[in-house]
Amino acid sequence: MPAPFAPSRPIHIVGVGSCLGAPIFGPASGPRALKNLGLEAHLRRLGIPAHWQALLEPSAPKPPHSPLNERLGTVSALLHDLANTVAGVCEEGAIPLVLGGDHAIGAGTWRGVARALAPRGKLGLIWIDAHLDAHTSLTTHSGNIHGMPMAALLGVGDETLTGLPGPHLDPAHVVIVGARSWEPEELTLLNKLGVKIFFMPEVKTRGLPAVLADALRIARTGTAGFGVSVDLDAIDCAKLPGTTCLVPDGLDPQELTDALHSLRNCADLAGFEVVEYVPERDKDGSGARWVADFAAAALGPTTAQLRDREQAYGAHNYAPLPVVFTRGEGVWLWDVEGRRYLDMMSAYSAVSFGHSHPRLVKALTEQAGSLALTSRAYSNDRLPLMLERLSALLGYDQALPVNTGLEAVETAIKAARKWAYKIKGVTDGQAEIIVCNNNFHGRSTTIVGFSSEAQYRDGFGPFPPGFRSIPFGDADALEAAITPNTAAFLFEPIQGEGGINIPPAGWLARCAEICRAHNVLLIADEVQTGLGRTGHILACNHDGVRPDGVILGKALGGGLLPVSAFLADEAVMQVFHPGDHGSTFGGNPLASAVAAEALSVLADDKLAERSATLGTYFLARLQAIDNPLIREVRGRGLLIGMELDTQRVGARVAAEALLARGLMTKDTHESVLRFAPPLVITKAELDWAVETIEDALTDLASRFSGAKP
């Protein structure tokens, strides 16, 4: 067994339950509430080696409106303890995660970190806050100490705050992000000292990732390390009301979470702080969840660490591209370092409706809270409704629900064989099914047995008999292969894994005629192409063909869980009797609820029509790219393949070049790039994709000007 992985530095949590600097009592209970809510366990589940080191509280807590001098003295004593605790954490080689209390504690947190760092150099600091916190006891309008820590860290203010042991911070390495509420005296002081301030209008104009990147450069250049302090007042109070000062028009909490992921690769991150959480105002618990998300985003494992773990503990049956995703929304994905990518794969069409579609997530969560599984030994109230909707949409008498595409294909094979024996009259054990070269119907031993891809077969025999393979797109070959024992012709209307191969015009209609003439079932594997992917509900609709059986999967699960089905009329389905076939999870109420809602979204949002329109546009734009690496661009709807000149560059290399530019796709057979975005993609997003593809291929063409060595 591999040795356990140890992240570079452990995380020590220090809570500081103080409201002495704030106008209300609420933030004093914040750290203890986060501890009781299981923050430590949550972080550890995410691979973050966190543990609570201390929960500090004032020795003589005073109401917020007691005399300022009295509160300054009590706060000073607390900050000395905090600075000593944090310095000790840093000296042990750990990262302090400090949870306030009010923001006055920042004067202790960062003096402690600066003290531990001093032998190696200065501390940089990114202060994410709605306020500038640069008052002193002489300039404060409110008398609240939580408006003073920034000035104190820079060496300005009352001795009780500025006199903590350790160096003051250099203003040249201090940055404030998201400021939108301050008094003139604060701004005057910070401008005089030279602190860089990114006000909220600039953040909204340029975007938080760009602003945070600039802030990191300032805080990290010429320093031994840097820290980040997040005051929850920085967040828009409409989205996070569980904080001390409710200031509108602030940062979006999800955007901040995404941006904080960029800290994971910063080996010089010296500390992280979150303050001003007020449990009594956090009615739905969302504030606590955001605090946990902020900490996890900044302190979680890196791409390299996670990929190392997968390599060590997982079987090596995949060679994933070098990225680790953590969140998806619509057509976009974010990796664990906060980079955003346009999804041009849709998980092989499983995410046709986009990532985390609100209607589908709602259907999933509501059903999960009610009933998720009973097994098909009993009926449930969601499966009948889903089956009725599926049958009405596709016009088949019945559907047999299972889970994965592979299971649905196996179901179709069993149906075809039993139909051949019980209805057509084929001698038992002699039924044959015709398939196409370059097919991809799954990875069971039965299915790989009739694959023409050598690697899929290598080492997995012996394979069951009963399959004959013909060239894809050759109707004459189909007719020649049929014998009295032929049960079915199993095909993909467009071969996806085979390279986005489009059959000749009229091929499928001719195949349908041949199968009818010879009493052979025509069974379409629409696992990837079905439910709008190619511009019609089914890809077979392009040729006006109604197969005897249809296999659906991937998109049917809404991108949330595996759902598949085999559909056919009673003439075929009559062969199944209780006990002939089954699946513990097939047709479960959770899957049924999601699948039914997915079918509604497909119809309500006219996604098949959208795929037809945008697919035509996208295909034309890709075909217009003038690049010597491109041999052909082909496709239907939003299922498009770009075949490259493999003598010059492999498609895997091209896929990695696109990934580096924020566009994710995947190669097939080292020769074809697949472009199959979620059907909810916009024209503007497709335009960006085309520009990115053209830029990447131009660069590759210049690098690989001749044949590959």
Side-chain angles (χ1 to χ4, degrees), residues 321 331 341-346 348-349 352 438 440 472-473 492-508 528-529 532-536 539 542-543 608 610-679 681-705 707-708:
L321 290 164
V331 298
Y341 301 79
L342 181 63
D343 183 358
M344 297 297 287
M345 271 290 291
S346 302
Y348 304 96
S349 294
S352 284
N438 296 316
F440 184 83
F472 179 69
E492 300 159 273
I494 298 173
Q495 290 187 328
E497 188 71 19
I500 318 299
N501 296 323
I502 312 295
W507 169 76
L508 185 52
Q528 285 197 47
T529 55
R533 169 56 56 189
T534 69
H536 281 288
H542 286 281
D543 287 345
R610 182 183 184 85
S611 175
T613 301
L614 291 177
T616 299
Y617 173 78
F618 188 36
L619 180 64
R621 287 218 57 189
L622 290 175
Q623 289 175 333
I625 297 176
D626 183 14
N627 189 289
L629 298 181
I630 301 174
R631 296 186 61 185
E632 184 185 13
V633 180
R634 53 184 180 262
R636 280 183 180 162
L638 288 172
L639 179 61
I640 296 172
M642 177 181 283
E643 186 172 348
L644 302 181
D645 180 0
T646 57
Q647 293 300 310
R648 298 180 62 177
V649 66
R652 169 82 182 205
V653 173
E656 291 182 353
L658 289 169
L659 189 70
R661 288 166 169 80
L663 188 150
M664 50 170 290
T665 182
K666 182 72 169 62
D667 66 289
T668 179
H669 298 307
E670 265 293 309
S671 60
V672 176
L673 290 172
R674 290 180 276 208
F675 300 112
L679 306 185
I681 198 167
T682 65
K683 185 170 178 285
E685 288 161 341
L686 287 174
D687 286 336
W688 182 85
V690 172
E691 293 166 4
T692 303
I693 294 164
E694 187 168 15
D695 175 69
L697 293 179
T698 298
D699 179 59
L700 288 172
S702 65
R703 290 167 51 198
F704 299 99
S705 56
K708 289 169 62 177

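In plain terms, the two heavy atoms of Ala657 and Leu700 that are nearest each other are CB-CD1, 4.0 Å. Taking each heavy atom of Thr668 and Gly496 in turn, the nearest pair found is CG2-O, 4.4 Å. When all heavy atoms of Met642 and Ile693 are compared, the pair lying nearest together is CE-CG2, 4.1 Å. Phe472 approaches Asn501 most closely through the heavy-atom pair CE2-O, 3.5 Å. A pairwise comparison of heavy atoms in Leu658 and Thr692 identifies CD2-O, 4.0 Å as the closest pair. Closest of all the heavy-atom pairs between Asp343 and Pro678 is O-CD, 3.2 Å.
With values rounded to the nearest 0.5 angstrom, Arg621 atom CZ is found 12.5 Å from Leu614 atom CG. Here CZ of Arg674 is found 7.5 Å from OG1 of Thr665. Values are rounded to the nearest 0.5 Å. With values rounded to the nearest 0.5 angstrom, Ile640 atom CD1 is found 8.0 Å from Gln623 atom CD. Summarising the geometry, atom CG belonging to Leu342 is positioned 11.5 Å from atom CG belonging to Leu659; distances are rounded to the nearest 0.5 Å. Here the CD-CG distance, from Glu643 to Asp645, works out to 9.0 Å after rounding to the nearest 0.5 Å. The line from CZ of Arg634 to CG of Leu622 is 13.0 Å long, rounded to the nearest 0.5 Å.
Contact check for Pro628 versus Arg648: side-chain heavy atoms found under the 4.5 Å cut-off. For the pair Val672 and Glu497, the minimum side-chain heavy-atom distance is 4.5 Å or more. Side-chain contact between Arg661 and Asp699: present, with at least one pair of heavy atoms (C-beta onward) separated by less than 4.5 Å. Side-chain contact between Ile502 and Trp507: absent, with no pair of heavy atoms (C-beta onward) separated by less than 4.5 Å. Side-chain contact between Leu673 and Met344: absent, with no pair of heavy atoms (C-beta onward) separated by less than 4.5 Å. The side-chain heavy atoms of Phe618 and Ile681, taken from C-beta on, include no pair separated by under 4.5 Å. When side chains are defined from C-beta on, Ser346 counts as touching Arg533, because their heavy atoms get closer than 4.5 Å. Residues Thr646 and Ser671 form a side-chain contact, since some pair of their non-hydrogen atoms from C-beta on lies under 4.5 Å apart.
Not one N or O on the side chain of His542 forms a donor-acceptor pair closer than 3.5 Å with the backbone of Pro493. With hydrogens and angles ignored, the 3.5 Å screen pairs no side-chain donor or acceptor of Ser611 with any backbone N or O of Leu679.
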Exercise for the section: Show your working on side chain to side chain contact (heavy atoms under 4.5 Å, CB included) between Thr682 and Arg610 and close with a plain yes or no. Expected result: CA-CA 9 Å; Thr682 65; Arg610 182 183 184 85; 4.0 Å; yes
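Phe675 is linked by a ring-ring contact (aromatic ring centres under 6.0 Å, His included) to nothing, counting only residues two or more places apart in sequence or in another chain. Every residue two or more places apart in sequence or in another chain was checked for a ring-ring contact (aromatic ring centres under 6.0 Å, His included) with Tyr348, and none qualifies.
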